Amino acid sequence: FLLLNKPKAVCMLQTALRQHHTEWTHVRAERLNLEPNCRRCNRKGTNVDHIIPVGAGGAFLDINNTQTLCDQCKTLKDQEDRRNYPGIFH
């Protein structure tokens, strides 16, 4: 189904989401450049994690609220976040 005459609000929302994604891509790339290894174990980092989860009030696009983690440490951090912030994770 092709919507030929999208409402202006839909177009504005799509533009905002693309911009938000682009900004996150830049923050993520900068974090991996600054910190290529996992902050916890020093292995090669593959994930950019929010130190304070966004749902708990952490800033989404603030590079100071990010850290590089490997897959294993990211899994452990996610478990910790679920325990520490039970109201934001389902």
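Reckoned from all heavy atoms, side chains included, excluding hydrogens, waters and symmetry mates. Since the structure is predicted, the reported quantities are computational estimates derived from the model, not experimental observations.
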When hydrophobic residues are tied together by side-chain contacts of less than 4.5 Å, even through go-betweens, does [X] share a cluster with [Y]?
X	Y	result
I51	V48	no
L32	L69	no
I63	V54	yes

Contact summary for L76 and R40, nearest pair of heavy atoms
CB-NH1, 4.3 Å
For C70 versus K44, what's the shortest heavy-atom pair and its separation?
CB-O, 3.6 Å
From [X] [atom1] over to [Y] [atom2], what is the distance, rounded to the nearest 0.5 angstrom?
X	Y	atom1	atom2	value
T75	E80	OG1	CD	11.0 Å
E23	L61	CD	CG	5.5 Å
E30	H26	CD	NE2	11.0 Å
C73	R39	SG	CZ	12.0 Å

For D62, what residues pass the side-chain hydrogen bond (donor to acceptor under 3.5 Å, both in side chains) criterion, not counting sequence neighbours?
N64
Looking at K74, R28, E35, which one forms a side chain to side chain contact (heavy atoms under 4.5 Å, CB included) with T68?
E35
Side chain N65, main chain I52, donor-acceptor under 3.5 Å:
yes
Quick one, T25 with H21, criterion side-chain contact (heavy atoms from CB on, under 4.5 Å). Give me CA distance, side-chain angles, the key distance, then yes/no.
CA-CA 6 Å; T25 300; H21 175 74; 3.6 Å; yes
